[in-house]
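See below for the structure under consideration.
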Amino acid sequence: KQEVTQIPAALSVPEGENLVLNCSFTDSAIYNLQWFRQDPGKGLTSLLLIQSSQREQTSGRLNASLDKSSGRSTLYIAASQPGDSATYLCAVRRDALIFGKGTTLSVSS
Amino acid sequence: GAVVSQHPSWVICKSGTSVKIECRSLDFQATTMFWYRQFPKQSLMLMATSNEGSKATYEQGVEKDKFLINHASLTLSTLTVTSAHPEDSSFYICSAAGTSGPNEQFFGPGTRLTVL
């Protein structure tokens, strides 16, 4: 059974810092990996989707990498801003997306 | 990306009643739909997967007779919480995909259910 782990569970940083969120998964037989953002009480916002054949994807200040063989992904956020404060969820898909428990990020001004 | 809608966005009901939540894919044909549940400060947990015209496949621990899923068309799936109890209060999120495999899953905005 696929298990997805995210470290750290929570992170507080001052504005402007670069930071890395980690995701690991136990079964490397995946089709893709996706990073989401969730604000309190809200639905999901898709940030980046990496197909299993890809190594990384970039969108603005966000960069996600995927090492399928080792079962790891990282989400890099450059020059963090208070508006980046949210919970970040990593999910991997074979039959259905399976989610990690998320990293709750707080960026202070 | 494709658009998935859910209705209602929130619902409050009395214990013992049934509640139906609709999930629609607005601009693509969803051969597969997924239902997730999220308790406060928890992650999304997959409840069931349904393919159009077939019976849903439920995850371990999810009661199929309590959470009735219907996927009668390529654009609509419904989740009915039968005889709801306060412990069923949660955030229910649906997701749709054109097919299995590497295709992206698109998520609805979620439905917050509160059972009194």
Side-chain angles (χ1 to χ4, degrees), chain A residues 1-10 21-25 27-55 57 59 64 66 68 86-106, chain B residues 1-10 21 23 30-51 54 56-62 69 77 89-114:
Chain A
K1 181 182 176 183
Q2 179 73 268
E3 292 185 5
V4 181
T5 303
Q6 290 187 246
I7 296 172
L21 307 182
N22 297 290
C23 172
S24 62
F25 46 96
D27 186 349
S28 62
I30 64 171
Y31 287 123
N32 55 49
L33 181 145
Q34 205 162 351
W35 283 92
F36 294 87
R37 169 186 173 138
Q38 187 175 33
D39 293 287
K42 304 291 185 182
L44 303 178
T45 300
S46 178
L47 298 174
L48 291 164
L49 170 69
I50 311 176
Q51 301 292 358
S52 63
S53 59
Q54 299 174 325
R55 298 283 292 184
Q57 284 286 331
S59 176
L66 172 63
K68 197 174 78 162
T87 296
Y88 290 81
L89 296 167
C90 167
V92 296
R93 181 174 187 198
R94 181 167 177 83
D95 299 315
L97 276 170
I98 303 299
F99 285 81
K101 292 185 177 180
T103 294
T104 298
L105 173 64
S106 176
Chain B
V3 179
V4 177
S5 69
Q6 277 184 247
H7 177 80
S9 56
W10 58 270
I21 302 170
C23 176
T31 53
T32 307
M33 284 190 171
F34 310 88
W35 286 94
Y36 292 83
R37 178 169 54 184
Q38 186 179 34
F39 292 109
K41 299 189 178 181
Q42 304 270 329
S43 189
L44 279 75
M45 298 300 295
L46 179 66
M47 298 175 66
T49 301
S50 72
N51 293 298
S54 302
T57 301
Y58 290 81
E59 294 298 302
Q60 192 172 12
V62 178
I69 292 172
S77 176
S89 299
S90 188
F91 193 48
Y92 292 86
I93 303 177
C94 77
S95 177
T99 183
S100 61
N103 287 289
E104 186 173 354
Q105 279 182 231
F106 299 97
F107 284 81
T111 296
R112 185 160 303 283
L113 170 65
T114 301

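Protein chains get the first letters and strands the later ones, always in sequence-line order, with residue 1 at the start of each.
Per-residue counts of heavy-atom pairs under 4.5 Å with chain B were compared for A91(A), G102(A), G100(A); the largest is that of G100(A). Between chain B and the options Q34(A), K1(A), Q6(A), heavy-atom pairs under 4.5 Å are most frequent for Q34(A).
With a threshold of 4.5 angstrom between heavy atoms, Y36(B) approaches chain A through side-chain atoms but not through N, CA, C or O. Looking at Q105(B), the atoms closer than 4.5 Å to chain A (heavy atoms on both sides) sit in the backbone and in the side chain alike.
Of all heavy-atom pairs spanning F34(B) and R93(A), the tightest one is CZ-NH2, 3.7 Å. Minimum heavy-atom separation, K101(A) to S43(B): CA-CB, 3.5 Å.
The shortest side-chain heavy-atom distance between L44(B) and L97(A) does not fall under the 4.5 Å cut-off. Residues T49(B) and D95(A) form no side-chain contact, since every pair of their non-hydrogen atoms from C-beta on lies 4.5 Å or further apart.
Within 6.0 Å of CD in E3(A) there are 12 or fewer heavy atoms belonging to other residues, nucleotides or ligands.
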For this session: Start with the C-alpha distance between Q38(A) and Q38(B), add both sets of side-chain angles, then the distance that settles side-chain hydrogen bond (donor to acceptor under 3.5 Å, both in side chains), and finish with yes or no.
Result: CA-CA 12 Å; Q38(A) 187 175 33; Q38(B) 186 179 34; 2.8 Å; yes

